[in-house]
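Reviewing the structure listed below.
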Amino acid sequence: QVQLVESGGGLVQAGGSLRLSCAASGRTDSTYAMGWFRQAPGKEREFVARIKWSTGNTRYVDSVKGRFTISRDNAKNTVYLQMNSLKPEDTANYYCAADQSFNPSMATMIGGYDYWGQGTQVTVSS
(Lines give C-alpha, C1' and ligand atoms only; values in the text may rest on other atoms or scores of the structure.)
Protein backbone atom coordinates (compact mmCIF):
# COMPACT_ATOMS: atom_id res chain seq x y z
CA GLN A 1 0.00 0.00 0.00
CA VAL A 2 1.06 3.55 -0.72
CA GLN A 3 -0.39 6.65 0.84
CA LEU A 4 -0.29 9.95 -1.05
CA VAL A 5 -0.96 13.33 0.54
CA GLU A 6 -1.18 16.48 -1.56
CA SER A 7 -0.68 20.02 -0.30
CA GLY A 8 -0.05 23.51 -1.61
CA GLY A 9 -3.36 24.35 -3.23
CA GLY A 10 -5.11 27.64 -2.73
CA LEU A 11 -6.55 30.75 -4.31
CA VAL A 12 -4.34 32.75 -6.68
CA GLN A 13 -4.87 35.49 -9.24
CA ALA A 14 -4.40 34.83 -12.93
CA GLY A 15 -0.73 35.04 -13.84
CA GLY A 16 0.33 33.88 -10.39
CA SER A 17 2.12 30.75 -9.25
CA LEU A 18 1.60 27.85 -6.90
CA ARG A 19 3.68 24.80 -6.03
CA LEU A 20 1.88 21.58 -5.19
CA SER A 21 3.53 18.83 -3.21
CA CYS A 22 2.66 15.14 -2.95
CA ALA A 23 4.25 13.17 -0.14
CA ALA A 24 4.31 9.41 -0.56
CA SER A 25 4.58 6.92 2.28
CA GLY A 26 4.31 3.17 2.70
CA ARG A 27 5.72 0.80 0.09
CA THR A 28 7.17 3.47 -2.18
CA ASP A 29 10.14 1.43 -3.38
CA SER A 30 8.04 -0.13 -6.15
CA THR A 31 6.98 3.20 -7.65
CA TYR A 32 7.73 3.39 -11.36
CA ALA A 33 6.27 6.83 -12.02
CA MET A 34 4.18 9.55 -10.42
CA GLY A 35 1.56 11.66 -12.07
CA TRP A 36 -0.61 14.70 -11.54
CA PHE A 37 -4.21 14.85 -12.72
CA ARG A 38 -6.89 17.48 -12.27
CA GLN A 39 -10.65 17.58 -12.24
CA ALA A 40 -12.76 20.68 -12.70
CA PRO A 41 -16.43 20.81 -11.64
CA GLY A 42 -18.60 18.96 -14.12
CA LYS A 43 -15.64 17.65 -16.06
CA GLU A 44 -13.73 14.41 -16.23
CA ARG A 45 -10.41 13.95 -14.49
CA GLU A 46 -7.61 14.75 -16.90
CA PHE A 47 -3.90 14.06 -17.09
CA VAL A 48 -1.55 16.96 -16.35
CA ALA A 49 2.00 15.66 -15.94
CA ARG A 50 4.03 12.56 -15.20
CA ILE A 51 7.57 11.85 -14.04
CA LYS A 52 9.48 8.60 -14.15
CA TRP A 53 10.88 8.03 -10.70
CA SER A 54 14.28 6.60 -11.65
CA THR A 55 15.27 8.87 -14.54
CA GLY A 56 13.23 12.00 -13.99
CA ASN A 57 11.86 11.84 -17.54
CA THR A 58 8.72 13.96 -17.78
CA ARG A 59 5.58 14.25 -19.86
CA TYR A 60 2.94 17.00 -19.97
CA VAL A 61 -0.45 17.69 -21.43
CA ASP A 62 -0.14 20.35 -24.15
CA SER A 63 -2.19 22.93 -22.27
CA VAL A 64 0.39 23.24 -19.47
CA LYS A 65 3.65 22.87 -21.40
CA GLY A 66 5.96 25.78 -20.70
CA ARG A 67 3.96 26.78 -17.61
CA PHE A 68 4.03 23.74 -15.30
CA THR A 69 7.02 21.73 -14.16
CA ILE A 70 6.90 18.35 -12.45
CA SER A 71 9.86 17.29 -10.33
CA ARG A 72 10.69 14.81 -7.60
CA ASP A 73 12.83 14.47 -4.52
CA ASN A 74 13.67 10.80 -4.20
CA ALA A 75 15.08 11.18 -0.70
CA LYS A 76 11.84 12.73 0.54
CA ASN A 77 9.55 10.52 -1.57
CA THR A 78 7.88 13.70 -2.73
CA VAL A 79 6.76 14.90 -6.13
CA TYR A 80 6.11 18.54 -6.93
CA LEU A 81 4.13 20.47 -9.49
CA GLN A 82 5.33 24.03 -10.00
CA MET A 83 2.57 25.97 -11.71
CA ASN A 84 3.37 29.36 -13.24
CA SER A 85 1.36 31.78 -15.35
CA LEU A 86 -1.83 30.29 -13.98
CA LYS A 87 -5.07 30.80 -15.87
CA PRO A 88 -8.69 30.60 -14.69
CA GLU A 89 -9.07 27.42 -16.74
CA ASP A 90 -6.46 25.78 -14.50
CA THR A 91 -9.00 25.88 -11.66
CA ALA A 92 -9.56 22.30 -10.49
CA ASN A 93 -8.94 19.78 -7.79
CA TYR A 94 -5.45 18.42 -8.36
CA TYR A 95 -4.59 14.80 -7.58
CA CYS A 96 -1.31 12.97 -7.49
CA ALA A 97 -1.08 9.31 -8.36
CA ALA A 98 1.46 6.50 -8.27
CA ASP A 99 2.15 3.92 -10.97
CA GLN A 100 3.52 0.76 -9.38
CA SER A 101 2.44 -1.62 -12.13
CA PHE A 102 4.72 -0.34 -14.88
CA ASN A 103 2.07 1.13 -17.17
CA PRO A 104 3.96 3.47 -19.51
CA SER A 105 1.45 2.83 -22.31
CA MET A 106 -1.25 4.21 -20.03
CA ALA A 107 0.78 7.18 -18.80
CA THR A 108 -1.99 9.70 -19.47
CA MET A 109 -4.87 7.51 -18.35
CA ILE A 110 -6.48 7.17 -14.96
CA GLY A 111 -6.22 3.39 -15.26
CA GLY A 112 -2.44 3.62 -15.51
CA TYR A 113 -2.11 4.45 -11.82
CA ASP A 114 -2.57 2.31 -8.77
CA TYR A 115 -2.79 4.77 -5.89
CA TRP A 116 -4.34 8.21 -5.57
CA GLY A 117 -4.28 11.07 -3.12
CA GLN A 118 -7.32 12.95 -1.87
CA GLY A 119 -6.61 16.04 -3.93
CA THR A 120 -5.88 19.69 -3.29
CA GLN A 121 -8.01 22.53 -4.64
CA VAL A 122 -6.50 25.16 -6.93
CA THR A 123 -8.62 28.21 -7.74
CA VAL A 124 -7.41 30.86 -10.17
CA SER A 125 -9.34 34.12 -10.22
CA SER A 126 -9.50 36.37 -13.27
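Since this is a predicted model, take the numbers as computed values, not measurements.
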(request) Run the ring-centre check on Phe37 versus Trp116 and record whether the distance is less than 6.0 Å. (result) yes
Enter the distance from [X]:[atom1] to [Y]:[atom2] here, rounded to the nearest 0.5 Å.
{"X": "Gln3", "Y": "Arg27", "atom1": "CD", "atom2": "CZ", "answer": "11.5 Å"}
{"X": "Lys43", "Y": "Arg38", "atom1": "NZ", "atom2": "CZ", "answer": "8.5 Å"}
{"X": "Ile70", "Y": "Gln82", "atom1": "CD1", "atom2": "CD", "answer": "12.5 Å"}
{"X": "Glu46", "Y": "Ser63", "atom1": "CD", "atom2": "OG", "answer": "5.5 Å"}
{"X": "Asp99", "Y": "Ile51", "atom1": "CG", "atom2": "CD1", "answer": "13.5 Å"}

Would you say the side-chain atoms of [X] pair up with the backbone N or O of [Y], donor to acceptor, closer than 3.5 Å?
{"X": "Glu6", "Y": "Gly119", "value": "yes"}
{"X": "Thr91", "Y": "Val124", "value": "yes"}
{"X": "Asn93", "Y": "Ala40", "value": "no"}

(message) Holding to side chain to side chain donor-acceptor pair (under 3.5 Å), I want the full list of residues that pass it with Gln100, two or more places apart in sequence or in another chain.
(response) Thr31
(request) Could you walk me through whether Arg50 and Tyr113 pass the side chain to side chain donor-acceptor pair (under 3.5 Å) test, one step at a time? (result) CA-CA 11 Å; Arg50 174 181 168 101; Tyr113 297 82; 2.9 Å; yes
For residues [X] and [Y], determine if any side-chain heavy atom of one lies less than 4.5 Å from a side-chain heavy atom of the other.
{"X": "Ser54", "Y": "Lys52", "result": "yes"}
{"X": "Thr108", "Y": "Arg59", "result": "yes"}
{"X": "Leu86", "Y": "Phe68", "result": "yes"}
{"X": "Thr123", "Y": "Val12", "result": "no"}
{"X": "Met34", "Y": "Trp53", "result": "yes"}
{"X": "Met83", "Y": "Leu20", "result": "yes"}
{"X": "Arg67", "Y": "Asp90", "result": "yes"}
{"X": "Thr69", "Y": "Leu81", "result": "no"}

(request) Return each pair, listed once, that meets disulfide (SG to SG under 2.5 Å) where at least one residue sits in residues 70-116; pairs must be two or more places apart or across chains. (result) Cys22-Cys96
(message) My understanding is that only residues two or more places apart in sequence, or in another chain, count here; which of them pass side chain to side chain contact (heavy atoms under 4.5 Å, CB included) with Phe102?
(response) Tyr32, Pro104
(request) May I ask you to say whether Asp62 pairs ionically with Lys65, meaning some side-chain N is under 4.0 Å from a carboxylate O? (result) yes
If you take all heavy atoms of [X] and [Y], which pair is closest and at what distance?
{"X": "Ser17", "Y": "Ser85", "value": "OG-N, 4.3 Å"}
{"X": "Leu4", "Y": "Ala97", "value": "CD1-CA, 3.7 Å"}
{"X": "Val122", "Y": "Leu18", "value": "CG1-CD1, 3.9 Å"}

(message) Tell me if the CD atom of Glu89 is crowded by more than 12 foreign heavy atoms within 6.0 Å.
(response) yes
(request) For the residue pair Thr78 and Asp73, confirm or rule out a side-chain donor-acceptor distance under 3.5 Å. (result) no
(request) Compute both the distance and the angle, then confirm whether Arg72 meets the cation-pi test with Tyr80: under 6.0 Å from the six-membered ring centre, within 45 degrees of the axis. (result) no
(request) Please test Tyr60 against Phe47 for ring pair (Phe, Tyr, Trp, His ring centres under 6.0 Å), starting from the C-alpha separation and ending with a verdict. (result) CA-CA 8 Å; Tyr60 299 90; Phe47 169 78; 8.3 Å; no
